[in-house]
Amino acid sequence: MRLTQYFLPTLKETPADAQIASHRLMLRAGMVTQVTSGIYSWLPLGLRVLQKIQQIVREEQDRAQSLEVLMPTIQPAELWHTSGRYEDYGKEMLRIKDRHDREMLYGPTAEEVITDIFARFIKSYKDLPKRFYNIQWKFRDEIRPRFGVMRGREFLMKDNYSFDLDMEGAKKSYQAMLDAYVKTFKRMGLTAIPVRAESGAIGGAMSHEFQILAETGESEIFYDPAYDELKDDEINLENLQRLYAASDEIHDEANCPVDPKTLKTARGIEVGHIFNFGTKYSIPFGALVSGPDGDQIPVQMGSYGIGISRLVGAIIEAFHDESGIKWPESVAPFKVGLINIRVSDSACTALCDDIYAQLLNAGVEVLYDDRDKGAGAKFADMDLIGLPWQMAVGPRGAAQGQVELKNRHTGEKIELQMADALKKVA
RNA sequence: CGGAGCGUAGCGCAGUCUGGUAGCGCACCACGCUGGGGGUGUGGGGGUCGUGGGUUCAAAUCCCGCCGCUCCGACCA
């Protein structure tokens, strides 16, 4: 993509409203712009990141034997009367009326919709287990939205719902999601710790929050130091039940089994939440299947969320410096930023055009800064938007076919022949 | 919802107390000089001063209502 044809409204000055790094950087990098309190438009650069994250989540959900569906943003109040949550949910739920004066709502989650689907179509234990997921915009009318997309009112969320014949099956589903989450966050370069959680409005027995570690995290988490030793494949129910990890909302100093001297604390950002809630929805919705003996059995359910739009902010909280964002390659909006330092120099521009064509040809996502601006401004913008690799070509190097390759994460810069630089980023 | 602020050009702000030609920096446009980390000179464009009412010869400025946004708290993917 040529920057002269793109839309990247970067800001030199810090917007007054942004309090934390990720919010500030998302605004400055031209990723999002606020429409009203807690509601954002995603601009081209931000949207690319959102889609990258979405794709990773999707791949790991598919791998965990889940089927993607797309449920609506607007739901009828009727479904929520069935579960009893229409009354319970409170003001967080945005309630609206259609032209016929029917009560509707902008969905904050979709247990009701999916359970209704299940109840209408699935009748036999032979069709179990089933897992459905949905990547859709949700709305929760937060009392006080803040921190940009980390705590917006409208947010993009992946929610998965599992249906099993019995508790044993439900535990397998729960474990499958635990595994999927560990892989998902790891692919984004994040360290995520599953901590025990209250299950809140969704209700239920078994529940964990996935907290990613970041100094600016919203909540404080307390965990057994043995956690740091766990391998990915050791993150299982047994170990989670054995080892203590809790967020400040449920941490109880008096009853904590870990010696306070060794107990570790860190700041965390909640990016995922998994629950098992048994038959809470299956019974009221009549989500029953015939068992092997012909009995009608209410299915065991669980739900599993990942805050996709929140992750954009969370990843920036984990990866940034004074100059800007430092995207992990897996979610970066482009892999390479190509800087033409002197557009007016024909040799320099010819070399840049050549590199650009070769990168495109090799399928490398590249943002080509072909604007007629000073070098300083271009470097500053490139550091700000945080692409993993910067390739700078000036008239000096161009004369010898050389480019400067910079690694945004390490800050390391090296002079290379064009062909070598291309090899390095391809 | 309690407490505290703010609303003046795209962004950051001054001007409001003490009413009298609407300003500054950045960004933007034109031209020149420059050219490897937000360069520089000259010229230029852009404003219902959030909104409705009131007071006054005169309101960004004073008074009243409304709207919006932000921060602290309780609440949360």
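Order of the sequence lines sets the chain letters (A, B, ...), proteins ahead of strands, with each chain counted from 1.
Scanning for salt bridge (charged side-chain N to carboxylate O under 4.0 Å, His left out) contacts around K171(A) gives an empty result, with sequence neighbours left out. Listed by chain and number, the residues in a salt bridge (charged side-chain N to carboxylate O under 4.0 Å, His left out) with D88(A) amount to none (sequence neighbours excluded). R95(A) meets the side chain to side chain contact (heavy atoms under 4.5 Å, CB included) test with Y86(A), Y89(A), M93(A); sequence neighbours excluded. Here Q402(A) pairs with Q400(A), E415(A), Q417(A) under the side chain to side chain contact (heavy atoms under 4.5 Å, CB included) rule; sequence neighbours left out.
Partner assigned to U42(B) is A30(B), using Watson-Crick or G-U wobble distances below 3.5 angstrom. Pair assignment for U55(B): none, as no Watson-Crick or G-U wobble contacts are both less than 3.5 Å. A60(B) is unpaired under the criterion used here, namely a Watson-Crick or G-U wobble arrangement in which both key atom distances are under 3.5 Å. As the counterpart of G7(B), C67(B) is assigned, both hydrogen-bonding distances of the Watson-Crick or G-U wobble pattern falling under 3.5 Å. Look at G19(B): it lacks any Watson-Crick or wobble partner with both distances under 3.5 angstrom. Within the shown strands, nothing qualifies as a pairing partner of U48(B) under the Watson-Crick or G-U definition with both distances less than 3.5 Å. Base pairing of G36(B) is not made with any nucleotide, judged by Watson-Crick or G-U wobble geometry with both donor-acceptor distances under 3.5 Å. Across every strand in view, G2(B) sits in a pair with C72(B) that passes the Watson-Crick or G-U test at under 3.5 angstrom.
Note on ring orientation: taking the six-membered ring where Trp is involved, the planes of Y40(A) and H23(A) are perpendicular (angle over 60°, cut-offs 30° and 60°). Using the six-membered ring where Trp is involved, F163(A) and F132(A) have ring planes that are perpendicular, over 60° apart on the 30 and 60° scheme. In this pair, F277(A) and F275(A) present their aromatic rings tilted. The plane angle is within the 30 to 60° band.
Proximity of a side-chain donor or acceptor of R131(A) to a complementary backbone N or O of A64(A) within less than 3.5 Å is detected. Counting only distance, with no hydrogens or angles, the side chain of D224(A) and the backbone of L243(A) share no donor-acceptor pair below 3.5 Å. Remark: side-chain polar atoms of Q75(A) are not paired, donor with acceptor, to backbone N or O of P108(A) under 3.5 angstrom. A distance-only check finds a donor-acceptor pair linking the side chain of E317(A) to the backbone of S22(A) [under 3.5 Å]. R310(A) contributes no side-chain N or O that, together with a main-chain N or O of R151(A), makes up a donor-acceptor pair within less than 3.5 Å.
Comparing the P positions of C11(B) and G54(B) gives a spacing of 31 Å, expressed to the nearest Å. Nucleotides C62(B) and U21(B) place their P atoms 16 Å apart, quoted to the nearest Å. Atom name C1', nucleotides C31(B) and G45(B): the rounded distance is 15 Å, in whole Å. Using C1' as the reference atom, C76(B) and A4(B) are 23 Å apart when rounded to the nearest Å. Taking atom C1' on both nucleotides, C29(B) is separated from C57(B) by 41 Å, rounded to a whole Å. Comparing G46(B) with G10(B), their P atoms sit 12 Å apart, to the nearest whole Å. When the C1' atom is used for both G68(B) and G43(B), the distance is 38 Å, rounded to whole Å. Taking the C1' atoms as reference points, U8(B) lies 38 Å from A77(B), given to the whole Å.
Side-chain atoms of R140(A) and base atoms of C75(B) include no donor and acceptor less than 3.5 Å apart.
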Between the protein and nucleotides 1-5 of chain B, list the N/O to N/O atom pairs that are separated by less than 3.5 angstrom.
none

Quick test: give all pairs of protein nitrogen or oxygen and nucleotides 41-51 of chain B nitrogen or oxygen below 3.5 Å, distance rounded to 0.1 Å.
none

Polar atoms only, N or O, under 3.5 Å: list the protein pairs with nucleotides 8-14 of chain B and their distances.
from   : atom 1 : to     : atom 2 : distance (Å)
C11(B) : O2     : E13(A) : OE1    : 3.2
G12(B) : OP1    : A16(A) : N      : 3.3

Is there any protein nitrogen or oxygen under 3.5 Å from a nitrogen or oxygen in nucleotides 29-36 of chain B, and what are the pairs?
from   : atom 1 : to      : atom 2 : distance (Å)
G35(B) : O2'    : R342(A) : NE     : 2.6
G35(B) : O2'    : R342(A) : NH2    : 2.3
G36(B) : O6     : G394(A) : N      : 3.0
G36(B) : O6     : G394(A) : O      : 3.3
G36(B) : O6     : G397(A) : N      : 3.1
G36(B) : N2     : E404(A) : OE2    : 3.3

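Going from atom CE of M93(A) over to atom C1' of C75(B) covers 16 Å, rounded to whole Å. Rounded to an integer number of Å, the gap from L190(A) CG to A77(B) P is 19 Å. Atom-to-atom, CD of Q211(A) to C1' of C76(B) comes out at 12 Å; the value is rounded to the nearest Å. Regarding E92(A), its CD atom lies at a distance of 15 Å from the P atom of A74(B), rounded to whole Å. Rounded to whole Å, atom C1' of A77(B) lies 17 Å from atom NE2 of H208(A).
Map M157(A) and A18(A) each onto its nearest nucleotide of RNA chain B; the residue landing nearer the 5' end is A18(A). Between R28(A) and M150(A), the residue anchored nearer the 5' end of RNA chain B, judged by the nucleotide with its closest heavy atom, is R28(A).
Sequence neighbours left out, the pairs with a member in residues 179-191 of chain A that pass salt bridge (Lys or Arg N to Asp or Glu O under 4.0 Å) are E59(A)-R187(A), E60(A)-R187(A), K186(A)-D232(A).
Residues H251(A) and Y244(A) bring their aromatic ring centres within 6.0 Å.
In the displayed structure, E78(A) atom CD is contacted under 6.0 Å by at most 12 heavy atoms of other residues, nucleotides or ligands. For E238(A), the CD atom is loosely surrounded, since the number of other residues' heavy atoms within 6.0 Å does not exceed 12.
Residue contacts shown for G152(A) include a base, since a base heavy atom lies under 4.0 Å away. Here K158(A) lies out of heavy-atom contact (under 4.0 Å) with every strand. If you check every strand for non-hydrogen atoms under 4.0 Å, D381(A) touches a base.
A cation-pi arrangement is present between R48(A) and F334(A) under the rule of less than 6.0 angstrom and at most 45 degrees off the ring axis.
Contact check on R85(A) versus E111(A) returns a salt bridge, with a Lys/Arg side-chain nitrogen under 4.0 Å from an Asp/Glu carboxylate oxygen.
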Review item, side-chain donor-acceptor pairs of residues 4-15 of chain A, under 3.5 Å, at least two apart:
from   : atom 1 : to      : atom 2 : distance (Å)
T4(A)  : OG1    : D370(A) : OD1    : 3.1
T4(A)  : OG1    : D370(A) : OD2    : 2.7
T10(A) : OG1    : D381(A) : OD1    : 3.0

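Within the structure, every side-chain polar atom (N or O) of R146(A) is placed at least 4.0 Å from both OP1 and OP2 of A74(B).
Counting heavy atoms from C-beta outward, V49(A) and W42(A) have side chains that stay 4.5 Å or more apart.
Residues from residues 34-41 of chain A lying near RNA chain B, meaning a heavy-atom separation below 4.0 Å, are Q34(A), T36(A), S37(A) in numerical order. The stretch residues 55-80 of chain A has no heavy atom under 4.0 Å from RNA chain B, so no residue of it qualifies as close.
When only modelled atom types and interatomic distance are considered, D62(A) and Y133(A) share a side-chain donor-acceptor pair under 3.5 Å.
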